[in-house]
Amino acid sequence: MATDDDDENARAARALKGSPFLSPEQAAHYLGVSTRTLQEHRSGGTGPRFRRHCRHIRYHIDDLDAWSLGEADNG
């Protein structure tokens with residue numbers, strides 16, 4: 001039977017195989033938060049670093065990991 005850790009590891013592996021840049025929806029899923037929560041962090045300047053590629057917002061997976069670790073340290 002698969003555990004939550006297995007699912008998280010598989011999700012990370014899939015993200016790393018493709019482009020390292022994730023859409024807000026993919027980034028929220030990767031972090032385990034809602035897209036709205038991620039948007040609120042972005043608007044408030046408290047979220048992970050993001051980039052604009054033309055009109056699209058993208059998150060680099062390394063920035064998501066760094067932000068997540070920082071959040072864990074602050075929690």
Side-chain angles (χ1 to χ4, degrees):
M1 184 172 263
T3 66
D4 288 340
D5 287 339
D6 292 337
D7 183 47
E8 290 174 11
N9 291 336
R11 192 168 63 214
R14 281 193 306 272
L16 287 171
K17 282 183 184 177
S19 170
F21 292 99
L22 305 179
S23 70
E25 293 79 12
Q26 292 168 320
H29 181 77
Y30 180 76
L31 292 170
V33 300
S34 71
T35 305
R36 178 73 180 148
T37 296
L38 189 58
Q39 179 184 13
E40 288 174 359
H41 278 292
R42 187 172 63 243
S43 297
T46 59
R49 183 175 153 197
F50 66 94
R51 297 161 172 88
R52 288 194 183 270
H53 294 194
C54 297
R55 62 184 172 98
H56 301 284
I57 293 173
R58 294 293 181 251
Y59 293 89
H60 194 281
I61 195 164
D62 291 342
D63 294 330
L64 297 175
D65 289 339
W67 181 78
S68 180
L69 291 171
E71 287 293 304
D73 292 342
N74 294 332

Undergrad: Find out whether Arg42 and Pro24 are in side-chain contact, i.e. whether some heavy atom of one side chain is under 4.5 Å from a heavy atom of the other.
TA: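 In contact.
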Undergrad: Identify, with sequence neighbours excluded, every residue that meets salt bridge (Lys or Arg N to Asp or Glu O under 4.0 Å) alongside Arg36.
TA: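 Partners of Arg36 under the salt bridge (Lys or Arg N to Asp or Glu O under 4.0 Å) test: Glu40.
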Undergrad: Carefully, step by step, assess Arg52 and Ile57 under the rule side chain to side chain contact (heavy atoms under 4.5 Å, CB included).
TA: CA-CA 5 Å; Arg52 288 194 183 270; Ile57 293 173; 3.7 Å; yes
Undergrad: Checking side chain to side chain contact (heavy atoms under 4.5 Å, CB included) for the pair Leu22/His60: CA distance, chi angles, key distance, verdict?
TA: CA-CA 6 Å; Leu22 305 179; His60 194 281; over 6 Å; no
Undergrad: I'd like to check Asp62 versus Pro20 (side-chain heavy atoms, cut-off strictly below 4.5 Å). Are they in contact?
TA: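 No. Closest side-chain heavy atoms not under 4.5 Å.
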Undergrad: With sequence neighbours excluded, what pairs up with His53 under the ring-ring contact (aromatic ring centres under 6.0 Å, His included) test?
TA: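 Listed in chain order: Phe21.
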Undergrad: Can you classify the ring geometry of Tyr59 versus Phe50 as parallel (below 30°), tilted (30 to 60°) or perpendicular (above 60°)?
TA: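 Plane angle between 30° and 60°, so tilted.
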Undergrad: Checking the side chain of Thr37 only, and the main-chain atoms of Val33 only, is there a donor and an acceptor separated by less than 3.5 Å?
TA: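 The answer is no, because no donor-acceptor pair under 3.5 Å joins these two groups.
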Undergrad: Side chains of Tyr30 and Leu38, heavy atoms from C-beta outward: is any pair under 4.5 Å?
TA: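 Contact flag for Tyr30/Leu38 side chains = no.
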Undergrad: Please list, chain by chain and in numerical order, all residues satisfying side chain to side chain donor-acceptor pair (under 3.5 Å) with Arg49, sequence neighbours excluded.
TA: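 Side chain to side chain donor-acceptor pair (under 3.5 Å) list for Arg49, sorted by chain: empty.
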Undergrad: Checking Arg58 now: which residues fulfil side chain to side chain donor-acceptor pair (under 3.5 Å) with it, not counting sequence neighbours?
TA: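 In terms of side chain to side chain donor-acceptor pair (under 3.5 Å), with neighbours along the sequence ignored, Arg58 is linked to no residue.
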Undergrad: What residues, two or more places apart in sequence or in another chain, satisfy side chain to side chain donor-acceptor pair (under 3.5 Å) together with Thr35?
TA: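 Side chain to side chain donor-acceptor pair (under 3.5 Å) list for Thr35, sorted by chain: empty.
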